[in-house]
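Beneath this line is the structure, given in structure tokens, with notes to follow.
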Amino acid sequence: MDNETLKTETPAPAERSLNFIEEIIEKDLAAGKNGKRVHTRFPPEPNGYLHIGHAKSICLNFGIAQKYGGKTNLRFDDTNPTKEDTEYVDSIKEDIQWLGFKWDAEFYASDYFEQLYEWAVQLIKEGKAYVCDLSQEEASEYRGTTTQPGRPSPYRDRSVEENLDLFARMRKGEFPNGSKTLRAKIDLASPNMHMRDPIMYRIIHQEHHRTGNQWCIYPMYDYAHGESDSIEGITHSICTLEFEVHRPLYDWFIATLKIHAPQQIEFARLNLSYTVMSKRKLLQLVQEKHVMGWDDPRMPTISGLRRRGYTPASIRLFADKIGVAKRDNTIDVSLLEWCVREDLNKKAQRVMTVLDPVKVVITNYPEGQTEELEAVNNPEDPTMGTRKVTFSRELYIEREDFMENPPKKYFRLSPGTEVRLRYAYFVRCTDVVKDAGGNITEIHCTYDPASKGGNSPDGRKVKGTLHWVSAAHALDAEVRVFDRLFSSPTPDEVEEGQTFLDNLNPHSLEIKRGCKAEAFLADAGPLDHFQFERLGYFNVDPDSAREGRLIFNKTVGLKDTWAKENAKA
Ligand code: ATP
Ligand code: MG
């Protein structure tokens, strides 16, 4: 099949050209490599929750398989029992499914421990691996530096018989942690440090979440990863840039063992401004309770973004927008926010909710009267229809939508001015009531019955439109408003003696109690999305159901600064 026919069968999305990985794949397909199969894998280590960087890798691996009619495996890279746990396995599976992807098969590197052991024995028999007794410090000293070649370990020339015996006894558990390793015998003069007799196995006496106490020697990433790819028939093993220097070793094991050779391809990892992305640091935030948990809405984890109100489509859109680069860079978090706004604008039910209420009394509206006014559910999607909102004599509006002594160009409510109450009427402020401390407790207005629906009766214009709720019909709600978790765009860059924790933003969570929500929200369920008119996008926090009261998270505001900045650029 040549490139042309290939393209007609699997058209690339019209709006963008092929990325460099797709180019490699199309070339391989055209050349008939791997029997024209495309098989990728997503290989998380179950030592933490997935974050937005992983989402990029997931979208890439699953996206490529979808595009080329291939397959994607989910493989847990569970070769280090000290940090791994089934809690993480479960959360990873949940997050991938939520993002909208289905793996073709689920595997664990630990499934291959026996095969990996047999291959290690084979390498020993071929004189290509040896048991080494150097401590970690000694071994790194012997390994040399980038300018100095390494020196051979005193154990490098052990006989095959001795190595086979020692390796078998390592497996049996005869030696303590750290006392011995199995190393590949490659090249101590290589300019690539990874080729200077890298460690294949280390001794760790620790129960594994799947293999229990069956093993006390565990393969290193470099030895396990390529072989696992090979066993599964992976064609393109996509990983992040830091593994580029590992690629000669990846290829060496596979070539030496003479097994199926997947191609490792590296791309730039995602870095986001105002956040940290290493699992170690995210774990520290959780363990030291700087956040509510892995799914805290301020976390860059997939579970955090979900709880914050991000949709799977918005994260997939983000992954698509940032593309696949060969050089590391940092993406502005406002692009991610732009993506969720873009998606929710199309989907979110509109409602009116007042976060900081002040009472309005419509003095010429009959006491005890109510009426049902028609409100549009989503102006972007007429199929979502309309709903009724209840109007009455006593309402709440946002405290900041009223000013007693307004500056020029203040288009909201002030004494003597007229504004529109959304979907309802024109109202004009007549006077205010204050408490002993001078705080406004009630705003008095009159309404114009001829302006029903918020339409001008005589062509006269009002500049402001306010959201409101009927006091007697509103629901009480708590609203959690978030700011960035870190106050620095680069939290990892710290002064001497500081850590990334010193960059935490002390004001990243504001809890607003006593908010007043439109009665429509009575039936809102966990994670349901809404646009609170004029305020932004919000969703129902799962705490809502647990605590039996309405709790919302602010997903993102309505303002679209990223697009504006980009339009300028
Ligand atoms: P961390 O450094 O956060 O601990 P990791 O690379 O150790 O992450 P893994 O579970 O090993 O996490 O990663 C699974 C896959 O996700 C790997 O292929 C890895 O390259 C990819 N990945 C991890 N972080 C990012 C990122 N920031 N951007 C893109 N891909 C990533
Ligand atoms: Mg890793």
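All values below come from the heavy atoms of this structure, side chains included, with hydrogens, waters and symmetry mates left out. Order of appearance sets the numbers: ligands from 1, and atoms from 1 within every ligand.
Screening E232, E227, E45 against R75 for a salt bridge (charged side-chain N to carboxylate O under 4.0 Å, His left out) leaves a single residue, E232.
Checking only distances, A268 never comes within under 3.5 Å of ligand 1, N or O to N or O. At a 3.5 angstrom cut-off on N or O pairs, E45 counts as close to ligand 1. Close N/O approach between L270 and ligand 1 is found [any backbone or side-chain N/O within under 3.5 Å]. The shortest N/O to N/O separation between E242 and ligand 1 does not fall below 3.5 Å.
A cation-pi contact, defined as under 6.0 Å to the ring centre and within 45° of the axis, links R484 to Y274. Geometric assessment of K281 against the ring of F500 yields a positive cation-pi assignment under the 6.0 Å and 45° thresholds.
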| message | Evaluate D328 against R269 for salt bridge (Lys or Arg N to Asp or Glu O under 4.0 Å), listing each step before the verdict. | response | CA-CA 6 Å; D328 278 321; R269 67 168 42 230; 5.8 Å; no
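Legend: salt bridge (charged side-chain N to carboxylate O under 4.0 Å, His left out) pairs involving residues 493-511, not counting sequence neighbours, sorted by first then second residue: E510-K512. Contacts classified as salt bridge (charged side-chain N to carboxylate O under 4.0 Å, His left out) and involving residues 141-151 (residues at least two apart or in different chains) are given here: E141-R151.
The aromatic rings of Y117 and F167 lie parallel to each other, their planes meeting at an angle below 30°, with 60° marking the opposite boundary.
Taking a 4.0 Å cut-off on heavy atoms, F243 fails to register as neighbouring ligand 1. Under the 4.0 angstrom criterion for non-hydrogen atoms, R280 is not in contact with ligand 1.
Ligand-side atoms of ligand 1 in range of P43: 14 (C), 18 (O), range being under 4.0 angstrom from any heavy atom. Listed by atom number, the atoms of ligand 1 under 4.0 Å from T240 heavy atoms are 20 (O), 29 (C), 30 (N), 31 (C). Less than 4.0 angstrom separates some heavy atom of S57 from each of these atoms of ligand 1: 16 (O), 21 (C), 30 (N). Close approach of ligand 1 to S278 is summarised as follows: ligand atoms under 4.0 Å from at least one heavy atom of the residue are 3 (O).
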